[in-house]
**Student:** 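First the structure, then my questions, so here it is.
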2 protein chains.
Amino acid sequence: MKGTEALTTIFREQGLRVTPQRQAIFRLLEGDVSHPTVESLFDRARADMPTISLKTVYQTVHDLEALGEVRVLDLGTGSVRVDPNVEDEHHHLLCTTCGRVRDLPVEFDGLIVPIRYRRDFTIDDVQVIFRGHCEHCFDRT
Amino acid sequence: MKGTEALTTIFREQGLRVTPQRQAIFRLLEGDVSHPTVESLFDRARADMPTISLKTVYQTVHDLEALGEVRVLDLGTGSVRVDPNVEDEHHHLLCTTCGRVRDLPVEFDGLIVPIRYRRDFTIDDVQVIFRGHCEHCFDRT
DNA sequence: TTGCTTGTTGACAACTCTTGTTGTTAGTAT
DNA sequence: ATACTAACAACAAGAGTTGTCAACAAGCAA
Ligand SMILES: [Mn+2]
Ligand SMILES: [Mn+2]
Ligand SMILES: [Zn+2]
Ligand SMILES: [Zn+2]
């Protein structure tokens, strides 16, 4: 995801308006590697801006997604996660106990579908989710 | 997933009762490669058994899952899919237009997380979702 | 600066999928 | 056959997300 200034320019170019609410969300997402839920972004935004609505956060996240500035992930945890890292192709490690998500750079080859299974099927995207337990939840299971 | 007779035995051994509703669901799932939603199972069950409730279908699916007889998949399509194929390890091709799901046998190696990224993280399971378009939706995009 | 146009906001309702509650029915072991 | 109790159908409720809409304010032009 680009910085707040660049995003301001991009939004205006698209005819979208840059409000204090959106700038607050830009700032929250910049450099966030935690893959936050929309609800958690909402909670953090509310600290500074008590009247902001959940709908506004969803809206801004979707606008960012449409511009390719964030990716919205569904990792099967019940709510979607916002991933501002669209620069590096990567997959994810998910702790099934606490829900923490960690990036996993794509270093493995072999993720290729054999031709005979690809017949009559065009592939646009691959999502890999490794489920397990993070360091904090390792002993507690 | 095992056959209806075997499931009957297993359920009784576990103190679970085998009702006509459950047997109907057993029969619907046996050999079904379509990865049906719970709702679609419900609709098909209702054809023969008009008073069956959606809750009962969910309940039975969850019981089957607890016994390891089916897998419940969340492929990000909004509702979970029931997969009676627990015998063969495989991943999935998902058509993002019509929602069709196709099995993809695991033939690729290399799906291994480099040691340095596995540090402090134990991995229990890997899910791979290939998204694209099936033969029916290929031209229409 | 001022005013206009139009996208955005916040409050609230609605929606989808899934689970909880409850009184009743019926499967199972004896 | 009887007693025990799991499972049932019906319905309400929960979580997450989206729709509606009047009031508002960002951006732009003059
Ligand atoms: Mn990520
Ligand atoms: Mn499958
Ligand atoms: Zn954890
Ligand atoms: Zn299709």
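Within every chain, numbering begins at 1; the chains are lettered A, B, ... in the order of the sequence lines, protein sequences first and strands thereafter. Predicted, not measured: the structure shown is a model, and the values here were computed from it.
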**Student:** Please tabulate, for the side chains in residues 47-58 of chain B, all donor-acceptor contacts under 3.5 angstrom to protein atoms that are two or more places apart in sequence or on a different chain.
**Tutor:**
unit_1: B:S53; atom_1: OG; unit_2: B:T56; atom_2: N; d: 3.3
unit_1: B:S53; atom_1: OG; unit_2: B:T56; atom_2: OG1; d: 3.1

**Student:** Check the distance between C:dC17's P and B:F42's CZ and give it to me in whole angstrom.
**Tutor:**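 Result: 13 Å.
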**Student:** For DNA chain D, find the residues of residues 49-61 of chain B with a heavy-atom distance under 4.0 Å and give them by number; none if there aren't any.
**Tutor:** B:T51, B:I52, B:S53, B:T56, B:Q59
**Student:** Quiz question: by atom type and distance under 3.5 Å, do the side chains of B:H35 and B:D103 form a donor-acceptor pair?
**Tutor:** yes
**Student:** Is it the case that one hydrophobic cluster holds both B:V86 and B:V82, taking links as side-chain heavy atoms less than 4.5 Å apart, direct or via other members?
**Tutor:**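 No: no chain of side-chain contacts under 4.5 Å links B:V86 to B:V82.
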**Student:** Linking directly or through intermediates, with side-chain heavy atoms under 4.5 Å: list the remaining ILVMFWY members grouped with A:V33, chain and number order.
**Tutor:**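 The other cluster members (ILVMFWY side chains, heavy atoms under 4.5 Å, direct or chained): none.
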**Student:** Tell me which donor-acceptor pairs under 3.5 Å the side chains of residues 64-71 of chain B have, and how far apart each pair is, sequence neighbours excluded?
**Tutor:**
unit_1: B:E69; atom_1: OE1; unit_2: B:K2; atom_2: N; d: 3.0
unit_1: B:E69; atom_1: OE2; unit_2: B:K2; atom_2: NZ; d: 2.8

**Student:** I'd like to check A:H90 versus A:N85 (side-chain heavy atoms, cut-off strictly below 4.5 Å). Are they in contact?
**Tutor:**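 Side chain of A:H90 against side chain of A:N85, heavy atoms only: contact under 4.5 Å found.
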**Student:** Could you tell me if the side chain of B:V72 sits less than 4.5 Å from the side chain of B:R81, heavy atoms only?
**Tutor:** no
**Student:** Please enumerate all residues that pass salt bridge (Lys or Arg N to Asp or Glu O under 4.0 Å) together with A:R44, with sequence neighbours excluded.
**Tutor:** A:D32
**Student:** Let me check the geometry of the helix from C:dT1-D:dA30 to C:dT30-D:dA1. What is the bend angle between the axes at its two ends, five pairs each, to 10°?
**Tutor:** 40°
**Student:** For B:T96, which residues count as a side-chain contact (heavy atoms from CB on, under 4.5 Å) partner, sequence neighbours excluded?
**Tutor:**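 Only B:R131, B:H133 meet the side-chain contact (heavy atoms from CB on, under 4.5 Å) criterion with B:T96.
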**Student:** Would you classify A:E39 as touching base, sugar-phosphate or nothing, given that sugar-phosphate means primed atoms plus P, OP1 and OP2, and contacts are heavy atoms under 4.0 Å?
**Tutor:** nothing
**Student:** In terms of side-chain heavy atoms, does B:H92 have a donor or acceptor partner in B:D83 at a distance below 3.5 Å?
**Tutor:** yes
**Student:** Look at atom CD of A:E87 and say whether more than 12 heavy atoms of other residues, nucleotides or ligands are closer to it than 6.0 Å.
**Tutor:** yes
**Student:** Compare side-chain N and O positions of B:H62 against OP1 and OP2 of C:dT18 and report whether any pair is under 4.0 Å apart.
**Tutor:**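 It does not, given that no N or O in the side chain of B:H62 lies less than 4.0 Å from OP1 or OP2 of C:dT18.
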**Student:** Can you list, in residue-number order, the parts of residues 67-80 of chain B that come under 4.0 Å of DNA chain C, counting heavy atoms only?
**Tutor:**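 Residues of residues 67-80 of chain B under 4.0 Å from DNA chain C: B:G78, B:S79, B:V80.
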**Student:** Please give the remaining members of the hydrophobic cluster of A:L73, linking ILVMFWY side chains under 4.5 Å, ordered by chain and number.
**Tutor:** A:L75, A:L94, A:V101, A:I129
**Student:** Please test B:E39 against B:F42 for side-chain contact (heavy atoms from CB on, under 4.5 Å), starting from the C-alpha separation and ending with a verdict.
**Tutor:** CA-CA 5 Å; B:E39 186 92 27; B:F42 174 55; 4.3 Å; yes
**Student:** Between the protein and nucleotides 27-30 of chain C, which nitrogen or oxygen pairs come in under 3.5 angstrom?
**Tutor:**
unit_1: C:dG27; atom_1: N2; unit_2: B:R17; atom_2: NH2; d: 2.6
unit_1: C:dT28; atom_1: OP1; unit_2: B:R12; atom_2: NE; d: 2.5
unit_1: C:dT28; atom_1: OP1; unit_2: B:R12; atom_2: NH2; d: 3.2
unit_1: C:dT28; atom_1: OP1; unit_2: B:V18; atom_2: N; d: 3.0
unit_1: C:dT28; atom_1: OP2; unit_2: B:R12; atom_2: NH2; d: 2.9

**Student:** With a strict under 4.0 Å distance from non-hydrogen atoms of chain A, what nucleotide opens and what nucleotide closes the contacted stretch of DNA chain D, reading 5' to 3'?
**Tutor:**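 Footprint of chain A along DNA chain D, 5' to 3': D:dG16 to D:dG27.
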**Student:** Which donor-acceptor pairs under 3.5 Å do the side chains of residues 20-30 of chain A make with protein atoms, sequence neighbours left out?
**Tutor:**
unit_1: A:Q21; atom_1: OE1; unit_2: A:T19; atom_2: OG1; d: 3.3
unit_1: A:R22; atom_1: NH1; unit_2: A:R17; atom_2: O; d: 3.4
unit_1: A:R22; atom_1: NH1; unit_2: A:D63; atom_2: OD2; d: 3.4
unit_1: A:R22; atom_1: NH2; unit_2: A:D63; atom_2: OD2; d: 2.7
unit_1: A:E30; atom_1: OE1; unit_2: A:T4; atom_2: OG1; d: 3.3

**Student:** Before giving the answer on side-chain contact (heavy atoms from CB on, under 4.5 Å), spell out for B:T37 and B:V80 the whole-Å C-alpha distance, their side-chain angles and the decisive distance to 0.1 Å.
**Tutor:** CA-CA 6 Å; B:T37 63; B:V80 298; over 6 Å; no
**Student:** Find the distance A:Q14:CD to C:dG7:C1' and express it as a whole number of Å.
**Tutor:**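 A:Q14 atom CD is separated from C:dG7 atom C1' by 14 Å.
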